[in-house]
> 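My structure is below; once you've seen it, I'll send some questions.
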Amino acid sequence: MANDHETDPVLANLLTAPEREPDERFVLQVRHAMIADQALAAARASAWRKFGVEMAATGAVVLAFLLLNRGGSAFPEGAAIPFYHPAMVGFLLLALWGVVAMRPAAAGE
Amino acid sequence: MSDEDALLARQAAGGDSAAFTALVRRHERRVRAFLSRLTGGQGADDLAQEVFVKAWRLAGDWRGQGSYGGWLMRIAWTSYLSARRADARRHGRDQQDFEARVETSGSPDARIDAERALAGLDERERAAALLCFGEGYSHGEAAKIMDLPLGTLKSIVARARVKLVSALED
């Protein structure tokens with residue numbers, strides 16, 4: 001068998017990719033794929049953000065009802081709820097949820 | 001490393017898609033040829049497109065150690081391995097499929113001998129031979145691309161050389 005100095009140039013000659021001009025069709029395909037990938041990444045990020053907001057809102061509503069349920073029975077019917085009572089925090093959370101749910105961006109989705 | 005590649009890669013890392021497109025234009029021939037010979041041609045262009053999209057996503061990670069072409073080849077090699085594993089899981093394919101594709105490719109080119117010789121190598125030998133002989137990477141660069149110790153890469157290249165020469169002499 002010939003030595004490496006003789007065989008390597010022959011192998012290089014056989015295995016080197018032939019020279020040619022850039023394939024503009026392939027370049028364009030990659031550009032389209034890049035744009036699609038960016039759009040997909042943006043949609044995914046937006047979906048995760050929306051999911052986070054919805055989860056926080058659901059948590060707030062559940063917490064609000066828990067607080068209202070805990071504090072509601074301690075008062076006689078018609079009595080005012082003190083400002084620093086857990087039930088008031090419940091009302092506040094419900095109000096915040098209402099504001100978030102009815103904001104123009106959420107309504108437009 | 002090409003200064004122009006480094007400049008374009010820095011611009012691409014900053015989100016410049018035109019600079020990245022210029023890099024695609026400069027490197028697509030080598031990446032596609034490498035993948036085409038690794039896969040026997042089947043699905044090579046789809047894989048090459050995936051490689052460039054991955055490179056665009058990871059553009060900010062390129063730190064300028066080694067050549068940009070080598071960095072791309074590394075992505076190409078790992079993408080090839082993932083695709084091959086996924087393909088094998090789906091269809092239970094193996095090395096014989098590649099050999100069959102090469103045997104039936106019917107290229108009139110004299111390079112068909114080299115393609116047949118390549119088909120007789122396992123995938124690591126094939127990749128190492130293509131990088132070191134075909135693309136002119138040093139053993140050190142090829143070892144980085146294939147994520148192998150230098151000594152292991154040298155052994156693989158030596159084995160590939162013997163097999164290629166033997167196949168070409170037949």
> Which of residues 19-32 of chain A have a heavy atom under 4.5 Å from any heavy atom of chain B?
A:Glu19, A:Arg20, A:Glu21, A:Pro22, A:Asp23, A:Glu24, A:Phe26, A:Val27, A:Gln29, A:Val30, A:Arg31
> For a quick test of your reading: what N or O donor-acceptor pairs under 3.5 Å do the side chains of residues 46-53 of chain B make, sequence neighbours left out?
none

> Does B:Glu135 reach the side chain of A:Thr16, with side-chain heavy atoms less than 4.5 Å apart?
no
> Heavy-atom distances under 4.5 Å only: say whether B:Phe34 touches chain A with side chain, backbone, both or neither.
neither
> B:Arg161 and A:Asp8: which non-hydrogen atoms are nearest, and at how many Å?
NE-OD1, 2.7 Å
> Give the minimum heavy-atom separation between A:Ala17 and B:Arg29, together with the two atoms involved.
O-NH1, 3.0 Å
> Give me the one residue out of A:Leu14, A:Leu11, A:Asn13 that meets side chain to side chain contact (heavy atoms under 4.5 Å, CB included) with B:Phe133.
A:Leu11
> At what distance, to the nearest 0.5 angstrom, does CG of A:Asp37 lie from NZ of B:Lys54?
11.0 Å
> Quick check: do A:Val10 and B:Val165 have side-chain heavy atoms less than 4.5 Å from each other?
no
> Would you mind checking which part of B:Arg30 comes under 4.5 Å of any heavy atom in chain A, side chain (CB onward), backbone (N, CA, C, O), both or neither?
neither
> Does one hydrophobic cluster hold both B:Leu58 and B:Trp56, with members joined at side-chain heavy-atom distances below 4.5 Å?
yes
> Supply the atom-to-atom distance B:Leu164 CG to A:Leu15 CG, rounded to the nearest 0.5 angstrom.
6.0 Å
> With a 4.5 angstrom heavy-atom cut-off, which part of B:Arg26 approaches chain A: side chain, backbone, both or neither?
neither
